[in-house]
Amino acid sequence: MSGEHVLICVAWPYANGPLHLGHVAGCYLPPDIQARFERALGNRVLMVSGSDEHGTPITVTAETNGVSPQDVVDKYHAINNQALLNLGCTWEPNQDPRGIEFGGSLFNRTSDPEHHKYVIENFQSLMEAGLFEKKTMQQYYEIRDDGGRFLPDRYVEGECPHCGEDGARGDQCDECGITYEAHELKNPSSKMNPGAKIEIRDTEHFFYRLDLFQSTLEQHASERQKVWKSNVRAMTKQWLEMGLRSRAVTRDLQWGIPLPLEGEQWHGKCIYVWFEAVQGYYSCARLWAERYGGSSDWEKWWKIGADGTVPRHLYFLGKDNIPFHTVIWPAIIMGLNHANKGLDSTDPIRLPGPGDLALEANVPAMEYLMLAGGQFSKSRKHAVWLPSFLERFDPDTLRYYLAINMPENHDTDFNWPDFVEKINSELIGAYGNFVHRVLTLGQRLTGPQPLGQFEDNSLCELEMEKLEQIHADITLSLSRHRFKEALRFVMTASQLGNQMLQSATPWKHLKDSQSNEAKESLAKLSFGWRIARFLAITTQPFLPFSAQRLWVALGEKGEVSQSEWAQAIDWNIPMKWNPIEPTPLFTRLDLEEILADEQALVSTESTNNDPTHGVKGGKKSTKEEKKMPEGITYLNFETFMEVELRVGKIISVEDHANADKLYVVKLDDGTADGRTICAGLKEYYQASEMVGKSVVFVANLKPRKLRGIMSEGMMLAADDDNGIVRLLTIDGDISTGSLVR
RNA sequence: AGCGAGGUGGGGUAGUUUGGAUAUCCCGUCGGGCUCAUAACCCGGAGAUCGAUGGUUCAAAUCCAUCCCUCGCUACCA
């Protein structure tokens with residue numbers, strides 16, 4: 001087991017904003033715990049990741065802020081890199097302190113020219129192997145003085161060919177939900193630059209033949225059934241059952257890796273971000289080898305040995321990224337293997353064998369961490385940012401809370417009261433307190449080895465046995481990527497320590513240390529030092545900062561991260577002592593204070609106008625909030641009078657067949673035909689309550705389709721923002737159709 | 001409505017893939033103990049018809065069917 005090559009692949013954070021706690025819990029903390037654990041076991045760990053820096057959202061941010069895309073990614077690469085280091089993630093040093101043969105880590109970036117070089121190399125070899133096909137697509141093109149550009153569908157707006165709604169996107173109408181070809185959109189314009197002329201142009205693109213890999217991927221997935229978690233199995237299965245189709249690997253955009261092809265038609269095209277960024281796992285390993293080791297060293301972590309030894313690849317990512325890593329990326333890896341053997345698209349695709357690049361061993365994907373019951377969201381300012389958190393708290397408190405609360409099997413929640421509770425009662429009350437008891441009691445004894453002099457391990461065999469069991473439990477849990485469970489086991493060791501002290505009552509014997517009873521009691525206290533040492537080693541993957549503080553407080557030298565995992569239960573290690581007065585490992589948290597700080601933070605951050613961001617493995621899109629005008633704005637009387645309000649009587653109310661919240665209301669509006677209005681009142685009214693009511697409605701609102709049914713107007717209702725919504729009704733009788741003023 | 005995930009003592013959670021005996025652990029709560037320790041620690045108690053109903057089985061939290069509810073995404077909203 002020891003000495004195994006383990007490649008830890010971490011989802012690449014999108015360099016368009018800072019990381020928040022959801023990202024940390026989902027994809028950045030777990031791999032670091034795993035890497036630290038594997039290193040302690042004596043394995044050779046290479047950890048790779050970096051900033052994902054290409055793609056349209058970054059150019060939009062750059063354009064919005066009037067800076068270059070490179071400026072945007074430089075900024076967030078630096079911020080995120082530093083935040084991860086501050087969190088204790090082992091992206092530095094790049095070389096394992098035990099030696100380069102033990103690996104290391106590299107947090108790179110996709111704008112690195114060397115990354116470009118490897119991606120281009122791979123692109124060409126896949127193309128030569130015939131694994132791409134060429135297709136012509138139609139795309140909007142914005143004509144500008146400086147040459148113009150193709151526009152992604154989401155940056156084109158126009159009138160829906162189906163319902164006529166203005167503001168429909170290039171490929172889909174948000175109003176009626178219909179999808180269409182780009183050329184069908186009426187009066188299209190560029191969202192970023194509405195004045196510009198735009199037109200449809202043909203554009204050629206390459207598509208990766210995922211379809212060729214279908215059966216091999218199915219075989220691969222069936223072989224992984226036992227190790228994959230249920231969410232990984234389910235999402236992969238869904239993808240494979242839908243059937244794989246070829247997928248575009250090039251795009252019309254300017255910020256990315258240009259196509260390595262001659263010819264005017266390839267000008268202005270880049271390799272599609274999804275296809276290029278995933279290859280970072282590969283390029284990053286090669287770059288690491290070139291920069292810190294021998295140039296072929298990467299092969300030890302990537303290639304299957306001649307004897308069939310497979311390096312263990314672990315990918316850490318969020319649930320939305322699962323099919324990318326269990327279907328698409330394996331297909332690319334197998335494509336590269338295929339091409340390297342000189343095979344082409346007519347040859348059958350095979351699973352990797354000796355000499356080939358290896359596929360993933362496991363993908364311990366996480367669900368999401370929610371914030372106080374809701375999704376983390378930039379636009380709603382509903383987030384706790386990693387950099388600001390680390391300015392205020394010990395990183396180990398975050399690591400503890402996120403690890404004990406990790407969204408391994410389902411979404412979990414971050415909230416401040418729970419955070420404070422868990423830190424104070426578990427981390428400090430149980431673990432910190434036990435350690436502090438041992439050290440301060442030792443301090444009261446005299447001699448160069450105040451605890452060591454009373455050591456008598458023959459009296460502590462039961463404790464040893466229990467700790468050995470706990471050690472085995474932690475080891476098994478971590479090797480199965482069950483972080484929560486593993487940390488629970490670690491905490492039981494401090495509980496064991498507290499129990500031992502409680503029954504031994506060493507504080508009663510600090511002065512009469514010569515009696516037999518005292519010797520027995522103090523031998524237990526002495527063993528407390530060994531339990532604390534056990535805790536320093538076993539908490540190290542989770543809580544590296546406090547583990548090191550404890551290591552020093554115990555009188556041990558060097559780095560606890562360098563000590564072997566099995567040493568935690570080596571009872572023959574000579575005891576040491578640090579005569580310096582012990583200080584508590586952690587400071588208690590005060591909820592009131594934190595909540596007050598949070599308030600202050602929210603108000604200062606609300607002026608801060610960061611662009612939207614995404615992350616691979618995190619949530620991608622953020623909902624746009626309704627923009628309410630700031631301050632008081634006055635309305636002209638004329639403008640108000642443009643609104644035609646009339647009285648109507650509700651004739652019937654039916655459920656909208658295709659919507660959760662909508663009723664279809666038939667209204668007698670004084671005309672012969674009446675009118676139909678879709679109203680989102682299902683949560684607030686029974687249909688029967690509404691029938692017969694005389695209500696006020698807006699008669700000249702532009703009709704629009706809601707979930708397939710045309711709604712001709714809107715009924716007025718009052719909303720107190722606390723979940724109470726009531727319709728405006730008429731006091732007394734009046735004929736339907738009467739004007740309201 | 002479509003897709004995905006989930007409902008286990010007051011809160012949180014393990015166990016479900018591969019059925020098995022008193023259903024795990026943490027917090028809270030109640031009672032007791034200790035006073036070395038950061039109002040921390042230790043012992044004990046109460047508290048769950050494992051979302052509902054039906055089925056398979058000697059045996060179901062676990063397998064099957066139907067239904068209900070919750071959450072996320074996609075929608076959508078007074």
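Since the structure is predicted, the reported quantities are computational estimates derived from the model, not experimental observations. Here is the naming used below: chain letters follow the sequence lines, and residue numbers restart at 1 for every chain.
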Return all side-chain donor-acceptor pairs below 3.5 angstrom for residues 428-439 of chain A, not counting sequence neighbours, or 'none' if the list is empty.
residue: R437(A); atom: NH1; partner: N498(A); partner atom: OD1; Å: 2.8
residue: R437(A); atom: NH2; partner: Q502(A); partner atom: OE1; Å: 3.4

Under a cut-off of 3.5 Å for both distances of each Watson-Crick or G-U pair, what dot-bracket string does RNA chain B give, using [ ] for crossing pairs and | for inter-strand pairs? ((((((((.[[[..)....(....]]].(((((.......))))).....[[[[[..)....]]]]])))))))....

Can you name the ring pair (Phe, Tyr, Trp, His ring centres under 6.0 Å) partners of Y401(A), sequence neighbours left out? F414(A), F419(A)

Every protein N/O lying under 3.5 Å from an N/O of nucleotides 31-37 of chain B:
residue: rG33(B); atom: N2; partner: Q502(A); partner atom: NE2; Å: 3.0
residue: rC36(B); atom: O3'; partner: R444(A); partner atom: NH2; Å: 3.1
residue: rC36(B); atom: O2; partner: R437(A); partner atom: NE; Å: 3.1
residue: rC36(B); atom: N3; partner: R437(A); partner atom: NE; Å: 3.2
residue: rC36(B); atom: N3; partner: R437(A); partner atom: NH2; Å: 2.4
residue: rC36(B); atom: N4; partner: R437(A); partner atom: NH2; Å: 2.9
residue: rA37(B); atom: O2'; partner: N433(A); partner atom: OD1; Å: 2.5
residue: rA37(B); atom: N3; partner: N433(A); partner atom: ND2; Å: 3.4
residue: rA37(B); atom: N3; partner: R437(A); partner atom: NE; Å: 3.1

Nearest 0.5 angstrom please: Q469(A) CD to L496(A) CG, how far? 12.0 Å

Please report the distance separating the C1' of rA60(B) from the corresponding atom of rA21(B), rounded so that it comes out in whole Å. 13 Å

When the C1' atoms of rA61(B) and rA48(B) are considered, how many whole Å apart are they? 11 Å

Could you state the atom-to-atom distance from CE of M491(A) to C1' of rC27(B) in whole Å? 13 Å

Which part of the nucleic acid, if any, lies within contact of M715(A), taking any heavy atom under 4.0 Å across all strands shown: a base, the sugar-phosphate backbone alone, or nothing? sugar-phosphate

Measure OH/Y368(A) against P/rU70(B) and give the value in whole Å, please. 22 Å

If the plane angle is over 60° it's perpendicular, under 30° parallel, otherwise tilted; pick one for Y315(A) and H325(A). tilted

Can you tell me if D473(A) uses its side chain to pair, donor with acceptor, with the backbone of F489(A) under 3.5 Å? no

Of rA14(B), rC25(B), rG72(B), the nucleotide closest to the side chain of K484(A) is rA14(B)

Nearest-neighbour nucleotide for the Q495(A) side chain, rC26(B), rG72(B), rC43(B) considered: rC26(B)

Could you state the atom-to-atom distance from CD1 of I423(A) to C1' of rC27(B) in whole Å? 13 Å

When the distance from CG of D413(A) to C1' of rU13(B) is rounded to whole Å, what number comes out? 14 Å

Short question: side chain of E520(A), backbone of L459(A) - any donor-acceptor pair under 3.5 Å? no

How many whole angstroms separate atom CG of D418(A) from atom P of rG10(B)? 18 Å

Measure from CZ on F483(A) to P on rC26(B) and round the result to the nearest Å. 22 Å

Decide if atom CD of E644(A) counts as having more than 12 heavy atoms of other residues, nucleotides or ligands within a radius under 6.0 Å. yes

What is the distance, rounded to the nearest whole Å, between atom CG of N321(A) and atom C1' of rA5(B)? 17 Å

Results of ring pair (Phe, Tyr, Trp, His ring centres under 6.0 Å) for H509(A) - residues two or more places apart only: none

If I pick the C1' atom on rC25(B) and the same atom on rA75(B), what distance separates them, to the nearest angstrom? 40 Å

Under the 3.5 angstrom rule, does the side chain of E426(A) hit a backbone N or O of I423(A) as a donor-acceptor pair? no

Suppose you measure atom P in rC43(B) against the same atom in rG6(B); what distance do you get, rounded to whole Å? 35 Å

Rounded distance in Å - CD (E408(A)) to P (rG6(B)): 14 Å

Comparing N409(A) and E421(A) on RNA chain B - which has the more 5′ nearest nucleotide: N409(A)

Can you check the distance between rA46(B) and rG10(B), where both ends of the measurement are the P atom (answer in whole Å)? 15 Å

Rounding to an integer number of angstrom, what distance separates rU53(B) and rU62(B) when you compare their P atoms? 12 Å

What's the gap between rC34(B) and rA40(B) when it is taken at their C1' atoms, as a whole Å value? 12 Å

When you measure from the side-chain N and O atoms of R482(A) to the phosphate of rG15(B), is any distance below 4.0 Å, counting only OP1 and OP2? yes

In short, salt bridge (Lys or Arg N to Asp or Glu O under 4.0 Å) pairs touching residues 545-555 of chain A with sequence neighbours left out are D394(A)-R549(A)

What contact category does R588(A) fall into here, base, sugar-phosphate, or nothing, at under 4.0 angstrom with non-hydrogen atoms? base

Within the 4.0 Å heavy-atom criterion, would you say F586(A) contacts the bases, only the backbone, or no part of the nucleic acid? base

Does some side-chain heavy atom of K519(A) sit less than 4.5 Å from a side-chain heavy atom of D456(A)? no

Taking rC63(B) as the reference, what is the distance to rC69(B) when you measure between their C1' atoms (whole Å, please)? 23 Å

